[in-house]
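Here the structure is laid out as structure tokens; the discussion comes afterwards.
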Amino acid sequence: MWNRIQTLFSGKSSKDVAKGRLHLVLAHDRTGLEGGRLQEMREEIAAVIAKYVQIDPDALDIQIETHKRETQLTVSSPITTRAT
Amino acid sequence: MGRAIVITSGKGGVGKTTTTANLGTALAQLGFSVVLVDADIGLRNLDVVMGLENRIVFHLVDAIRGKCTLQKAMIKDRRLDNLWILPASQTDDKDAVTPDDMRRVIGELKAHHDFVLIDCPAGIEQGFKNAIAGADEAIVVATPEVSSIRDADRVVGLLAQADVSARLIVNRISAHLVKRGDMLSQNDVIEILALELLGTVPMDDAVVATTNKGIPAVLEGKGLAARELIRIAKRLAGVDVEVSEHVGLFTRIGRALGLSASPA
Ligand SMILES: Nc1ncnc2c1ncn2[C@@H]1O[C@H](COP(=O)(O)OP(=O)(O)OP(=O)(O)O)[C@@H](O)[C@H]1O
Ligand SMILES: [Mg+2]
């Protein structure tokens, strides 16, 4: 019962949480990249992009997702528009 | 020439031995000639699950070392005419056997039987490599839990590298937990592992009870798990059986009445 109430409020069942965790864990397992190393890579990529365009390094988003056994790395970042 | 199928999982305790014993028994009941090979050297269990522990004289490692013939090491199940088990050694360790030894033994067994089912040890080290060495196909057993699916994924990758095709059995699924949103469904597991589903076996107390007695559940024929395992055996043998969805009775009635269209 409590579970259902929690689900009602958060919109997420424990199975959804398990699924989300699995997607991340498998992305790391399949690439051999630990969560902490992923963070480091994120900072380096942000630094490289920042050499060419103005970005907010904190807004840079890295995702590793797996669909049908194909693993995809996606980097996305909003570009700060120049004031002039 | 028969087919050699390894039953594997990565994670321990998810039901490899239970699945091997029951599928082998069900295939023998269907009239096929079947050998069950315990590749879990040092931690053998297939003998007790099959209830044949008091009849072992020689084992796999003896046969590999030439202490006896392969035939001598095999135990014939007295309940069925065409079912044998090749027990593992309990005293040796996994290094007593090499992948080449296994390829030779499995090849010889395949020449005389329709199905050779290999019960793989947990893990992905030497014992796993030995167990998959002689196999043409694999059955990956996973329970609907994060740790089991994670390990299964690792095993799927290793099987692909070894060129062994794999299909999936989801074991110990509980329909009411799935319904409540507290357990991954068979479709969730298939989606994550991207494997072809061979079948889903429900969590069933009858499995525990029959295993206590050393009788495979399919032999007593009681319970939902036994029923699914028999269907899976038929599917393995190429007899066309539809993969069933695990939905509750009320959903099924609802669907029959056209009340609910959404699949589980
Ligand atoms: N569908 C099921 N319903 C209920 N109990 C089950 C089911 N499948 C397996 N079990 C029980 O789960 C336990 C572990 O099963 P089993 O020994 O087959 O796992 P295993 O993968 O071979 O383990 P190991 O990795 O140690 O070799 C046993 O007690 C067995 O009876
Ligand atoms: Mg076992």
Side-chain angles (χ1 to χ4, degrees), chain A residues 1-46 48-49 57-78, chain B residues 9-11 14 123-124 138 140 142-168 170 172-197 200 203 246-248 262-264:
Chain A
M1 191 60 197
W2 176 235
N3 260 331
R4 293 221 181 147
I5 294 170
Q6 272 185 320
T7 308
L8 267 183
F9 283 110
S10 69
K12 259 195 170 179
S13 62
S14 78
K15 156 232 160 121
D16 290 330
V17 176
K19 225 172 153 179
R21 291 176 63 213
L22 259 168
H23 275 299
L24 271 180
V25 164
L26 293 190
H28 291 159
D29 287 357
R30 287 170 184 173
T31 54
L33 204 59
E34 295 292 349
R37 291 284 288 165
L38 192 66
Q39 256 347 87
E40 280 176 33
M41 180 169 84
R42 180 179 173 278
E43 280 156 30
E44 280 182 38
I45 292 175
V48 171
I49 299 175
D58 292 330
L60 186 100
D61 184 35
I62 286 195
Q63 289 198 347
I64 298 178
E65 277 181 59
T66 310
H67 289 292
K68 303 266 165 202
R69 304 211 69 79
E70 284 213 348
T71 307
Q72 180 110 20
L73 174 85
T74 321
V75 179
S76 58
S77 170
Chain B
S9 67
K11 185 172 157 62
V14 299
I124 49 171
V140 175
T143 56
E145 294 159 301
V146 176
S147 54
S148 169
I149 295 167
R150 177 191 205 177
D151 290 1
D153 187 71
R154 220 26 233 295
V155 162
V156 170
L158 294 172
L159 288 168
Q161 266 177 28
D163 244 340
V164 181
S165 67
R167 285 187 283 180
L168 174 70
V170 182
R172 305 185 72 148
I173 206 145
S174 156
H176 82 275
L177 286 181
V178 170
K179 189 149 181 258
R180 206 167 79 186
D182 279 330
M183 186 180 265
L184 293 160
S185 70
Q186 70 174 25
N187 289 347
D188 294 327
V189 184
I190 300 167
E191 182 205 312
I192 293 164
L193 289 175
L195 278 188
E196 184 194 331
L197 182 75
T200 301
M203 179 81 194
H246 278 271
V247 293
S262 65

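Only heavy atoms go into these numbers, but all of them, side chains included; no hydrogens, no water, no symmetry mates. Numbers restart at 1 for each chain; the letters A, B, ... are given by sequence-line order, proteins then strands.
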* For A:Leu22, the option from B:Asp153, B:Val189, B:Val146, B:Leu193 that meets side-chain contact (heavy atoms from CB on, under 4.5 Å) -> B:Val146
* Is the shortest heavy-atom distance from the side chain of B:Arg180 to the side chain of A:Lys15 under 4.5 Å? -> no
* Asked: What is the distance from atom OG of A:Ser13 to atom CG of B:Leu177, rounded to the nearest 0.5 Å?
  -> 11.5 Å
* Inspect the contact between A:Asp29 and B:Arg150 and indicate whether a charged nitrogen and a carboxylate oxygen are less than 4.0 angstrom apart. => yes
* Highest number of heavy-atom pairs under 4.5 Å with chain B: which of A:Val25, A:Val17, A:Asp16? -> A:Val25
* Out of curiosity, B:Ser185 OG to A:Lys19 NZ, how far, rounded to the nearest 0.5 Å? -> 6.5 Å
